[in-house]
Asker: 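Sharing a structure with you now.
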Amino acid sequence: MKVLATADWHVRDKDIHELEKCLNFIVAAAEEEQPDLIFHCGDVFDAAIRADSLSAKLAFRIFKELAEIAPVVAILGTPSHDFTTSSILKYINARFKVHVATSPEQLYFAGAHGAGVLVSMCPAPTKQHFATDSDIKGTDSEIAQAMSLMFSGFAAQAESYKDVPHVLAGHWNITGSLISETQTLTGVDIELSKEQMALSNADICLMGHIHKTQKLEPNIFYSGSITGLNYGELEDKGFYIHTLEGKNLIESKFIKTPSRKLIKLSEDLTGSQDLTDLSGIPLMEMLLAGDAPVDVKNAVVRVEFKVFQDEAAKINLDEIKASLMSSGAKEADIRIIRVPRENIRSQKILKLTSLRDKLCEMAKLKNEIVPPSILEKADLLESEKSDKIITRIGT
């Protein structure tokens with residue numbers, strides 16, 4: 001039995017062309033590999049969408065094309081991403097059925113080529129879900145305990161299917177998983193351990209939610225996102241093809257999508273003495289020399305320079321962009337973060353401890369001089385006890 005596992009498409013209009021390129025690649029790979037079953041482990045969409053949006057039309061088309069190849073199992077992902085939109089995928093009319101799991105369930109599926117598989121499905125665990133379906137209104141630990149009981153129930157039911165492979169498909173964070181540097185987990189994340197998942201006695205666990213592709217155990221896999229979603233995600237993106245013989249996992253092949261690289265470079269130039277002199281400004285020197293610190297070929301590159309507002313005009317944005325493009329970048333976005341000098345000085349004042357130093361720094365900010373009498377009074381306020389100060393003022 002061969003299964004294709006993908007997740008975390010996060011389809012959104014603003015990246016529609018990039019996503020379409022990668023999704024078309026997945027369909028082409030599925031046509032070549034001819035899997036018995038196709039899994040999507042959550043987060044089809046990035047946010048709530050309209051049915052007539054570009055995102056909806058693309059996702060529905062891709063699911064229909066996949067369902068012409070093999071049955072598709074889709075797990076509902078993080079509520080803030082999938083909401084209930086993904087549930088309408090079950091109405092897709094194709095050669096094979098699209099099954100959408102909106103609550104925990106276990107079903108037997110006949111694959112496209114006759115082989116059968118038992119699938120235990122669990123969408124992203126939420127307090128609302130368990131309060132509704134399991135009468136649990138407690139803490140995350142209570143939900144985790146309920147998940148353990150559910151896994152044990154899956155295992156008990158699977159015993160009736162002796163030689164049939166058992167697949168656990170879900171969408172959550174597993175203890176020990178590595179998160180992409182730029183991925184932000186939304187809401188309160190319920191974390192489950194590998195030991196808890198082992199209670200399901202599944203032959204392979206296919207997971208969504210974490211965007212970094214990884215193998216946690218010999219049989220636990222995150223397929224990751226299919227393209228870079230945020231600047232700084234430089235790891236390979238793609239999906240898995242898993243091959244099982246009976247209940248034994250024989251091969252797990254990771255297939256890279258033709259995804260973009262989103263590179264972000266930044267440098268704080270507020271400490272530089274003179275921006276007209278490039279010496280001592282490493283990043284700018286490298287960029288203008290066509291020698292970026294990372295390979296920018298075919299990448300979308302964003303460069304951010306933090307400078308004082310009055311020096312922003314000294315940076316030649318066009319020259320830096322031209323240098324990146326000549327180095328092979330697909331796109332170059334050069335940004336200037338302008339910082340008023342007053343803000344920097346004000347921050348310095350907040351870091352000072354003595355009243356005398358703060359008064360002197362504030363005077364510099366306003367190009368004024370603090371009279372010696374004021375400084376003496378400031379020292380008095382910090383050195384004398386309150387009762388003595390009151391006595392001196394009274395006299």
Side-chain angles (χ1 to χ4, degrees), residues 1-9 22-23 25-44 62-77 86 89-90 92 94-101 105-123 154 158 161-172 174 197 200-210 213-226 237-257:
M1 155 139 318
K2 185 184 291 186
V3 299
L4 184 154
T6 181
D8 294 283
W9 292 356
C22 293
L23 290 171
F25 180 87
I26 293 175
V27 172
E31 289 176 341
E32 181 180 346
E33 293 284 345
Q34 287 296 307
D36 295 276
L37 199 61
I38 297 171
F39 288 88
H40 189 290
C41 296
D43 287 356
V44 173
I62 295 299
F63 268 91
K64 180 175 175 58
E65 292 179 4
L66 291 174
E68 293 290 345
I69 300 169
V72 179
V73 176
I75 309 295
L76 208 63
S86 294
L89 295 169
K90 64 185 178 183
I92 288 175
R95 179 187 174 194
F96 296 101
K97 182 179 179 181
V98 176
H99 180 83
V100 182
E105 57 182 326
Q106 187 180 63
L107 294 174
Y108 176 87
F109 288 88
H113 308 291
V117 59
L118 184 66
V119 182
S120 298
M121 297 161 276
C122 185
F154 286 156
Y161 297 80
K162 293 183 179 179
D163 299 319
V164 175
H166 178 200
V167 177
L168 173 64
H171 189 92
W172 57 77
I174 303 173
M197 293 176 60
S200 68
N201 201 27
D203 302 307
I204 186 170
C205 301
L206 309 178
M207 300 303 303
H209 190 44
I210 303 301
T213 300
Q214 56 199 287
K215 175 181 177 181
L216 291 183
E217 290 288 331
N219 68 334
I220 301 179
F221 297 86
Y222 277 107
S223 54
S225 56
I226 62 170
K237 301 294 184 178
F239 58 97
Y240 272 108
I241 297 287
H242 301 287
T243 303
L244 298 99
E245 288 186 3
K247 299 178 73 63
N248 297 316
L249 179 60
I250 302 303
E251 181 186 29
S252 295
K253 179 170 61 175
F254 178 71
I255 301 177
K256 294 190 293 183
T257 54

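We use all heavy atoms of the structure for the numbers below, so side chains are in, but hydrogens, waters and symmetry mates are not.
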Asker: Check whether any side-chain heavy atom of Leu206 lies under 4.5 Å from a side-chain heavy atom of Tyr222, and answer yes or no.
Answerer: no

Asker: Any side-chain heavy atom of Leu244 sitting closer than 4.5 Å to one from Ile204?
Answerer: yes

Asker: Over all heavy atoms of both residues, which pair between Gly246 and Pro165 is shortest? Give the atoms and the distance, please.
Answerer: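 Reported closest heavy-atom pair: O-CB, 3.2 Å.
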
Asker: Quick one: sort the His209 and His171 rings into parallel, tilted or perpendicular, breaks at 30° and 60°.
Answerer: tilted

Asker: I'd like to check His40 versus Val73 (side-chain heavy atoms, cut-off strictly below 4.5 Å). Are they in contact?
Answerer: no

Asker: Any side-chain heavy-atom pair from Leu249 and His242 closer than 4.5 angstrom?
Answerer: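 Counting from C-beta outward, Leu249 and His242 do come under 4.5 Å.
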
Asker: Heavy atoms only: give me the nearest Gln106-Ser120 pair and the separation to one decimal.
Answerer: NE2-OG, 2.9 Å

Asker: Please lay out, stage by stage, how His113 and Gln34 fare under the test side-chain contact (heavy atoms from CB on, under 4.5 Å).
Answerer: CA-CA 9 Å; His113 308 291; Gln34 287 296 307; 3.7 Å; yes

Asker: Please check this pair: side chain of Lys247 against backbone of Val164, looking for a donor-acceptor N/O pair closer than 3.5 Å.
Answerer: yes

Asker: Any side-chain heavy atom of Leu107 sitting closer than 4.5 Å to one from Val119?
Answerer: no

Asker: Side-chain contact test, heavy atoms from C-beta onward, threshold under 4.5 Å: evaluate it for Leu168 versus Ser200 and give yes or no.
Answerer: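 Yes, at least one pair of side-chain atoms sits under 4.5 Å.
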
Asker: Between atom CE of Met197 and atom CE of Met207, what is the distance when rounded to the nearest 0.5 Å?
Answerer: 4.5 Å

Asker: Measure the acute angle between the ring planes of Trp9 and Phe63, then classify it against the limits of 30° and 60° as parallel, tilted or perpendicular.
Answerer: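 Answer is tilted, since the angle falls between 30° and 60°.
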
Asker: Just say parallel, tilted or perpendicular for the rings of Tyr108 and Tyr161, cut-offs at 30° and 60°.
Answerer: parallel

Asker: Can you name the nearest heavy-atom pair linking Ala7 to Ser223, along with the distance?
Answerer: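 Heavy atoms only, the tightest pair is N-OG, 3.4 Å.
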
Asker: Under the criterion side-chain contact (heavy atoms from CB on, under 4.5 Å), I'd like the reasoning laid out for Val72 against Phe96: C-alpha separation, chi angles, the key distance, then a yes or no.
Answerer: CA-CA 8 Å; Val72 179; Phe96 296 101; over 6 Å; no

Asker: Distance from Glu105 atom CD to Met121 atom CE, nearest 0.5 Å?
Answerer: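 One finds 4.0 Å between CD of Glu105 and CE of Met121.
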
Asker: Using 0.5 Å steps for rounding, measure from the CD1 atom of Ile75 to the SG atom of Cys122.
Answerer: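 Separation between the atoms: 8.0 Å.
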
Asker: Using 0.5 Å steps for rounding, measure from the CG atom of Asp43 to the CD1 atom of Ile210.
Answerer: 10.0 Å

Asker: Check whether Asp36 reaches the backbone of Ala70 with its side chain - one donor and one acceptor, N or O, closer than 3.5 Å.
Answerer: no

Asker: List the steps, then state whether side-chain contact (heavy atoms from CB on, under 4.5 Å) holds for Lys90 with Val98.
Answerer: CA-CA 5 Å; Lys90 64 185 178 183; Val98 176; 5.5 Å; no

Asker: Does some side-chain heavy atom of Thr6 sit less than 4.5 Å from a side-chain heavy atom of Phe39?
Answerer: no

Asker: Out of curiosity, Ile255 CD1 to Tyr240 OH, how far, rounded to the nearest 0.5 Å?
Answerer: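 Answer rounded to 0.5 Å: 11.0 Å.
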
Asker: Nearest 0.5 angstrom please: Lys237 NZ to Cys22 SG, how far?
Answerer: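 If I round to the nearest 0.5 Å, the distance is 10.5 Å.
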
Asker: Please report the closest heavy-atom contact between Gly238 and Phe254, naming both atoms and the distance.
Answerer: N-CZ, 3.5 Å

Asker: Hey, does the side chain of Lys2 reach the backbone of Glu33 with a donor-acceptor pair shorter than 3.5 angstrom?
Answerer: yes

Asker: If we ignore hydrogens and angles and just use 3.5 Å, is the side chain of Thr257 paired with the main-chain N or O of Ile226 as donor and acceptor?
Answerer: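 Judged by distance alone, yes, a pair lies under 3.5 Å.
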
Asker: Determine, stepwise, if the pair Ile220 / Ile174 fulfils side-chain contact (heavy atoms from CB on, under 4.5 Å).
Answerer: CA-CA 10 Å; Ile220 301 179; Ile174 303 173; 3.8 Å; yes

Asker: Assess whether atom CD of Glu32 is packed by more than 12 heavy atoms of other residues, nucleotides or ligands within 6.0 Å.
Answerer: no

Asker: To check you understand the geometry: which heavy-atom pair defines the closest contact between Pro35 and Ala112, and what is its length?
Answerer: O-CB, 3.9 Å

Asker: Would you check if Leu118 and His166 make a side-chain contact, meaning some heavy-atom pair closer than 4.5 Å?
Answerer: yes

